[in-house]
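Since we're looking at a predicted model, the values are computed, not measured. Just so it is clear, the values below take in all heavy atoms, side chains as well, and ignore hydrogens, waters and symmetry mates.
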Amino acid sequence: MKRKLMEILACPIDKYHPLELHVFEEKEEIVEGLIVCPKCLRWYPIREEIPEMLPDELRKEADDLPFLKKWKEKAPQNVVSEGKPFNLK
Amino acid sequence: MKNKNEEVKKTVKKAYSKIATNSNSCCCQCGCGTLDKQTVKKVSKSIGYSEEEMNAVPEANLGLGCGNPTAFSSIKEGDTVLDLGSGAGFDCFLASKKVGQNGKVIGLDMTEEMVAKARLLAKEHGYANVEFKLGDIEKMPIDDGSVDVIISNCVINLAPDKLKVFKEAYRVLRSGGKMYVSDIVLLGKLTDEQLKDEDLLSGCVAGALQKDGYIVKIRQAGFKVKILGEDKEISKTQYSGIALESIKIEATKLG
């Protein structure tokens with residue numbers, strides 16, 4: 001994902017814009033990272049350069065929680081403990 | 001209702017991840033994933049792709065469309081284009097050439113395997129102005145008024161709540177922006193058996209609306225609707241005579 005894409009990304013649930021970007025790995029593009037809606041505290045993973053902006057009902061806890069675990073030191077603490085739809089609390 | 005809608009999405013997602021992981025595929029009815037390259041080409045030609053377009057990124061052309069929205073769109077250089085249900089990215093790559101370096105094309109699809117495939121093809125073929133993201137067209141992860149042109153090819157029929165899709169499209173388009181849709185609409189009633197058929201659902205039939213109902217929903221979302229074309233032949237060539245057509249629509253967000 002290119003950083004510029006943030007210009008038009010909004011939270012699919014409450015349509016809030018702008019969203020927060022946390023980059024964990026970056027080459028030519030962002031390889032892994034986290035997109036956070038500051039309004040509802042939903043978090044969306046960027047994996048293998050693809051932003052995954054699915055609504056809650058199409059997400060799988062078993063796929064998403066390991067991602068949050070992997071990056072829990074670098075992710076914002078409020079997302080780790082209170083983030084939606086899944087968190088590590 | 002909500003649960004039923006989620007079931008529909010799951011069925012569609014499953015069918016299309018299967019198609020994405022097969023090398024070639026098949027839109028219509030069977031969902032078998034076994035269309036050979038020749039057939040894909042024949043189908044693509046009949047729905048309006050030129051020889052040159054088909055040769056652009058042939059691996060991205062899965063033969064799943066029912067028209068060529070980029071060709072009948074008004075996409076200009078520098079535009080931001082959003083493709084609803086971008087699949088392996090074929091229409092995005094065609095739009096990419098039209099928007100040029102100063103524009104961008106965003107493909108939105110809810111199937112992980114499709115998005116991954118499209119992303120890979122964009123890299124391999126050097127489409128720097130195209131990006132794909134995973135998302136639901138009923139709940140688009142896009143800011144209000146940020147898109148110039150929306151295209152969509154044979155996808156909205158798969159969405160359980162079409163009015164929601166059109167309302168979302170209206171929201172993300174800038175004022176004066178246009179949506180170009182090619183989609184399957186019904187011209188007669190389906191049997192109860194057909195309506196329950198999962199392959200017919202993923203095959204763009206069982207979830208399709210009657211033509212008039214489809215247009216009414218686009219208007220309800222706020223659009224001004226213009227029908228650009230109707231292809232009834234597609235019923236014979238791809239849908240074994242079921243009473244349906246492929247409709248090409250230009251929907252404008254006024255004001």
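When all heavy atoms of A:Pro55 and B:Lys139 are compared, the pair lying nearest together is CB-CD, 3.6 Å. When all heavy atoms are compared, the tightest approach of B:Ala128 to A:Lys2 is O-NZ, 2.6 Å.
With contacts defined as side-chain heavy-atom distances shorter than 4.5 Å, the pair A:Glu7/B:Lys104 qualifies. Annotation: side chain of B:Lys10 is not in contact with side chain of A:Glu57 (no heavy-atom distance under 4.5 Å). No side-chain heavy atom of A:Arg59 sits less than 4.5 Å from a side-chain heavy atom of B:Leu134.
Both the backbone and the side chain of B:Met110 come within less than 4.5 Å of a heavy atom of chain A. Proximity to chain A (any heavy atom under 4.5 Å) is restricted, for B:Ile106, to the side chain, taken from C-beta onward.
Remark: B:Arg119 CZ to A:Met1 CE distance equals 11.0 Å, nearest 0.5 Å. Atom CD of B:Glu112 sits about 7.0 Å away from atom CG of A:Asp63, to the nearest 0.5 Å. Taking CG of A:Asp56 as the start and CG of B:Asp136 as the end, the distance is 11.0 Å to the nearest 0.5 Å.
Residue B:Lys13 qualifies as enclosed at atom NZ: its count of foreign heavy atoms under 6.0 Å is above 12.
Of the possible polar contacts, none joining the B:Glu131 side chain to the A:Leu5 backbone as a donor-acceptor pair under 3.5 Å is found.
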